[in-house]
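Each chain gets a letter, A, B and so on, in the order its sequence line appears, and its residues count up from 1.
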Amino acid sequence: MLEVKDLTVCFWTGLSIDKNRKHSFWAVDRVSFSMKKGEALGLVGESGSGKTSLGLALLQLIRPTSGSVRFCGTELTALDGRALREIRPRIQPLFQDPTSSLNPCMRIGASLEEALKLKAPLSKEEARTRALKLMELVELEPGLYSRYPFQLSGGQNQRSALARALALEPDLLVADEPTSGLDVSVQAQVLGLLQKLRKKWGLTLLFISHDLEVVKKMCDRVAVMHAGKLVELGKTEEVFKNPKHPYTKSLLFPNLEVGPIPSKRNSSRAATVTPDEKGFSVFSVLSFLKEKFKPCKKRMPPEPGWENENRNEEMVEISREHWVLIPSGFSFSD
Amino acid sequence: MELIEIKSLKVTFPTEAGLVRAVDCVDLQLGAREKLGLIGETGSGKSVLAHATLRLLQPDALCEGEILYQGRNLLDCTPTELRRLRGRELALIPQNPSRALNPLQTVGKQLFETLRQAGYSRKEAAAKLPELLRSVGAIDPDSWAKAYPHECSGGMCERIVIALSLAFSPSLLLADEPTKGLDSLNRARIITLLGEVTENRALLFITHDLEAAALLCTRLALMYAGELVELGDKAAVFENPLHPYTRGLLFALPARGMQPIPGRSPPLTALPDGCRFHSRCPEAIARCRSQHPPLFDTGNGHFCRCWLYV
Ligand SMILES: Nc1ncnc2c1ncn2[C@@H]1O[C@H](COP(=O)(O)OP(=O)(O)OP(=O)(O)O)[C@@H](O)[C@H]1O
Ligand code: SF4
Ligand SMILES: [Mg+2]
């Protein structure tokens with residue numbers, strides 16, 4: 001359904017905070033992957049690793065510098081103006097900052113109706129009922145229909161943006177951190193909703209997230225991105241259980257636990273985050289960070305190491321559908 | 001003495017659909033070095049509470065009750081008094097850091113001007129600037145100072161906003177979801193940083209990130225539909241959550257099964273009689289439907305708004 005090949009995005013910057021790359025900046029560097037219909041692919045990596053740029057380049061919201069994006073057989077990078085406008089409803093973004101995809105001067109209901117009318121001409125009543133149905137779908141209470149985005153809380157805005165994206169009945173949803181800013185219960189609801197839509201509509205999902213726990217639950221496959229490059233790609237289970245690339249390993253350091261599971265028969269598992277004398281255990285975070293970097297330093301070749309751009313690297317399929325970016329002359333012999 | 005004392009605070013917004021009761025009768029105290037985590041449903045009024053404390057709500061918002069800061073009621077302060085208090089004594093780290101920065105000015109310039117307003121001379125401000133940036137974790141403060149906000153990653157923006165809020169060395173820091181949208185590494189950095197900079201300050205930490213709240217805070221407050229439903233020591237709340245909403249929330253964590261609480265919260269324009277959680281509560285009893293529960297003291301400073309704890 002979606003095939004991305006050697007996609008590269010390069011930003012030109014006059015002055016840059018990063019001294020080493022003065023004038024150009026490779027946000028996405030020769031990324032290739034493909035997605036089947038109905039699949040959920042998780043894209044993880046630290047902030048600044050180019051995940052958002054990759055998403056935007058797929059949507060043709062920024063034009064890639066080189067490479068190809070084929071969507072259902074159509075080469076998106078070759079399309080211009082009108083042809084692109086026609087195909088756009090089928091690939092919808094869901095951004096990290098929901099207010100950026102909602103018109104601040106438009107009531108939520110009107111925003112949804114506008115999107116619905118893009119798909120097919122509708123009468124006023126029809127549009128209204130369909131909009132209310134969408135709001136129902138994302139669990140927004142109907143009373144918010146005539147509110148403006150600034151009158152909503154962060155989470156309500158996020159769900160309005162989701163409703164708007166779904167109004168166009170897209171085939172592919174590029175969701176960039178769709179649940180940041182939601183409480184965990186609403187997060188579970190929204191994620192459950194996305195799963196349901198995948199089953200019902202065969203919605204394909206590119207799921208960009210920092211929350212590895214969520215990715216583990218949501219995605220069939222996961223792609224790990226570092227400094228613009230895909231460094232590992234494989235079945236979620238496989239990558240989480242058996243990470244190969246040193247960067248993936250460093251990313252998967254154990255998440256902190258929030259105390260024992262609440263239950264009548266508790267006390268068997270003591271709280272992992274009991275307050276120490278200082279009142280909080282921030283120091284445990286620090287030691288986590290230290291631990292986090294130990295294993296990769298050991299396994300990595302000495303500086304400048306695998307981050308060096310000029311190094312020859314290639315994605316190698318080390319086991320079935322498990323791809324790892326391997327610098328030439330580097331082996332996983334341990 | 002408590003640093004800040006919120007007494008039966010009510011915030012309502014008039015809208016076309018009726019009065020929105022965003023914050024309803026919230027009582028909360030915060031000691032001088034206390035770290036309180038404020039958790040709750042999206043739209044339950046956490047940000048409104050923080051903005052009301054700083055008197056940053058839009059003019060049509062109606063605030064009732066008292067917010068005593070060192071004995072002074074903030075709701076009675078004049079605009080001049082407020083300007084002096086904001087930033088200097090009470091600082092907010094807003095929910096959206098990149099919006100809080102001026103996109104047309106370099107980070108250094110914005111910090112410099114804030115420092116100038118804090119009463120530093122030009123020379124002092126110039127000397128203090130790198131120090132301030134270093135205190136929020138910049139290894140190379142000069143390059144940070146030269147950057148424009150759009151060149152900064154989410155984690156950097158967050159730290160710059162924290163630096164801005166520290167320019168005046170306030171005694172209370174209100175942080176609105178500072179770890180939102182950050183990757184695990186940056187998130188840990190921000191948590192560490194907040195822990196460091198609030199060692200001698202009070203912190204009101206609004207978050208959906210339960211792990212972060214567990215790491216940073218000593219006490220936790222949970223909000224649902226505009227009111228406090230549970231308040232207690234962190235360990236007590238996590239190990240022995242009393243309110244059915246709190247229990248539901250913990251089971252919605254991805255690591256614990258990702259089970260959402262069924263249903264949705266009531267509209268703030270038409271709140272139900274009785275317990276506001278009753279339509280979603282698995283443990284509801286007959287009286288929950290008709291009688292609104294008060295906040296019960298269950299001992300050891302653990303409070304819960306639920307009829308199960310009469
Ligand atoms: N200006 C306004 N006019 C009308 N209603 C408003 C206004 N601002 C906020 N509200 C409503 O007040 C309620 C509380 O909003 P608030 O922003 O405090 O939520 P929150 O707890 O911070 O949620 P989140 O975690 O999603 O940020 C919401 O239901 C929101 O719709
Ligand atoms: S008062 Fe009743 S409905 Fe409300 S939380 Fe307690 S048991 Fe549930
Ligand atoms: Mg908020």
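In this structure, OH on B/Y224 lies 10.0 Å from CG on A/D183, to the nearest 0.5 angstrom. The CZ atom of A/F207 sits 8.0 Å away from the CD atom of A/E177 when rounded to the nearest 0.5 Å. In this structure, CZ on B/R187 lies 6.0 Å from OG1 on B/T179, to the nearest 0.5 angstrom. Here B/I162 contributes atom CD1 and B/I93 contributes atom CD1; the two are 4.5 Å apart, rounded to the nearest 0.5 Å. The CD atom of B/E230 sits 5.0 Å away from the SG atom of B/C304 when rounded to the nearest 0.5 Å. For the atom pair A/N157 CG and A/L152 CG, the distance stands at 5.0 Å (nearest 0.5 Å).
When the candidates A/Q156, A/M218, A/K217 are compared by the number of heavy-atom contacts under 4.5 Å with chain B, A/K217 comes out ahead. Chain A forms the most heavy-atom pairs under 4.5 Å with one residue out of B/K46, B/Q259, B/Q58, B/M258, and that residue is B/M258. Your options are A/L140, A/D176, A/V44, A/L144, and the one with the most heavy-atom pairs under 4.5 Å with chain B is A/L140. No other option in B/G263, B/A252, B/S265 has as many heavy-atom pairs under 4.5 Å with chain A as B/A252. When each of B/K180, B/Q95, B/R33 is scored by its heavy-atom pairs under 4.5 Å with chain A, the top score falls to B/K180.
B/T15 touches chain A through its side chain: at least one heavy atom from C-beta onward sits under 4.5 Å away, while N, CA, C and O do not. With a 4.5 Å cut-off on non-hydrogen atoms, B/V20 touches chain A through its side chain but not through its backbone. Using a 4.5 Å cut-off between heavy atoms, A/Y145 makes no contact with chain B at all. With a threshold of 4.5 angstrom between heavy atoms, B/L268 approaches chain A through N, CA, C or O but not through any side-chain atom. Contacts between B/R219 and chain A at a heavy-atom distance below 4.5 Å are absent for every atom of the residue. Both the backbone and the side chain of B/E41 come within contact range of chain A, with heavy atoms under 4.5 Å apart.
A cation-pi geometry, defined here as NZ or CZ lying under 6.0 Å from the six-membered ring centre and within 45° of its normal, does not hold between B/R276 and B/Y245.
Annotation for B/P141 and B/L133: closest pair O-CD1, 3.5 Å, computed over non-hydrogen atoms. The two atoms that bring A/V222 and A/V215 nearest to each other are CG2-CG1, 3.9 Å, heavy atoms only. The two residues A/S209 and A/D211 come nearest to each other via the heavy atoms OG-N, 2.9 Å.
Close approach to chain B, defined as a heavy atom under 4.5 Å from one of its heavy atoms, is seen in A/V186, A/Q187, A/A188, A/Q189, A/L191 of residues 186-194 of chain A, taken by number.
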Quick one, B/V237 with B/T246, criterion side-chain contact (heavy atoms from CB on, under 4.5 Å). Give me CA distance, side-chain angles, the key distance, then yes/no. CA-CA 8 Å; B/V237 172; B/T246 317; 4.0 Å; yes

